[in-house]
Amino acid sequence: MDFRTNGIAWSSDLETNDERIDSQHKELFRLTSDLIYSCARGESYAMLGKALDFLAQYTVQHFADEEALQIQYNYPDYTAHKKLHDDFKQTVTGLITQYKSDNLSVDLNSTLNSIVVRWLVQHIKQEDAKIAKHIRSLSAANKDKK
Ligand SMILES: [Fe+2]
Ligand SMILES: [Fe+2]
């Protein structure tokens, strides 16, 4: 099987057009894609564990930054959005705990593709796009006032 078919690539339909959000999303995609390739290449358990930790840390940082942006711009759906972030953080923490306690019980490659990638794509397109739209509408309204 060609492992490249499992990698994820950034595509323009994922752009929220908010530079701060998009640059972190692109990095999330790069890290996830690298990890998927590493799995497919059969990298060591220790190396994969480290990369997984790094991806989780980056995800937590991204969520914190995105939540701060929502507060800054009075995003009306902040609480619901934060809950989605918190639930996903729990999913990832559970995955890492399971992988570290018994790495043979987790097919990391397919889990990353089926859970992480699917969640990211859906969340970015459906939820993060709304934050960016909200920020844009406020900026446009402020411009009109001037
Ligand atoms: Fe988000
Ligand atoms: Fe996001």
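Throughout, residue positions are numbered sequentially from 1 according to the sequence presented. Order of listing sets the numbers, starting from 1, for every ligand and every atom in it. Everything numeric in this text was worked out from a predicted model, so none of it was measured.
With respect to D22 and K26, no salt bridge is recorded, no charged nitrogen being found less than 4.0 Å from a carboxylate O. Electrostatic pairing of R20 and D65 does not count as a salt bridge here, judged by no charged N lying under 4.0 Å from a carboxylate O.
Within a radius of less than 2.8 Å around the Fe ion (ligand 2), the protein N, O or S atoms are H25 NE2, H62 NE2, E66 OE2, D128 OD2.
Using the six-membered ring where Trp is involved, W10 and H25 have ring planes that are tilted, between 30° and 60° apart.
Not counting sequence neighbours, the partners of H134 by the ring-ring contact (aromatic ring centres under 6.0 Å, His included) test are Y75.
Annotation: side-chain hydrogen bond (donor to acceptor under 3.5 Å, both in side chains) contacts involving residues 89-98, sequence neighbours excluded, comprise Q98-S105. Within the structure, salt bridge (charged side-chain N to carboxylate O under 4.0 Å, His left out) contacts touching residues 96-119 (residues at least two apart or in different chains) are D53-K100.
Considering just the N/O/S atoms of H85, the one nearest the Fe ion (ligand 1) carries the name NE2.
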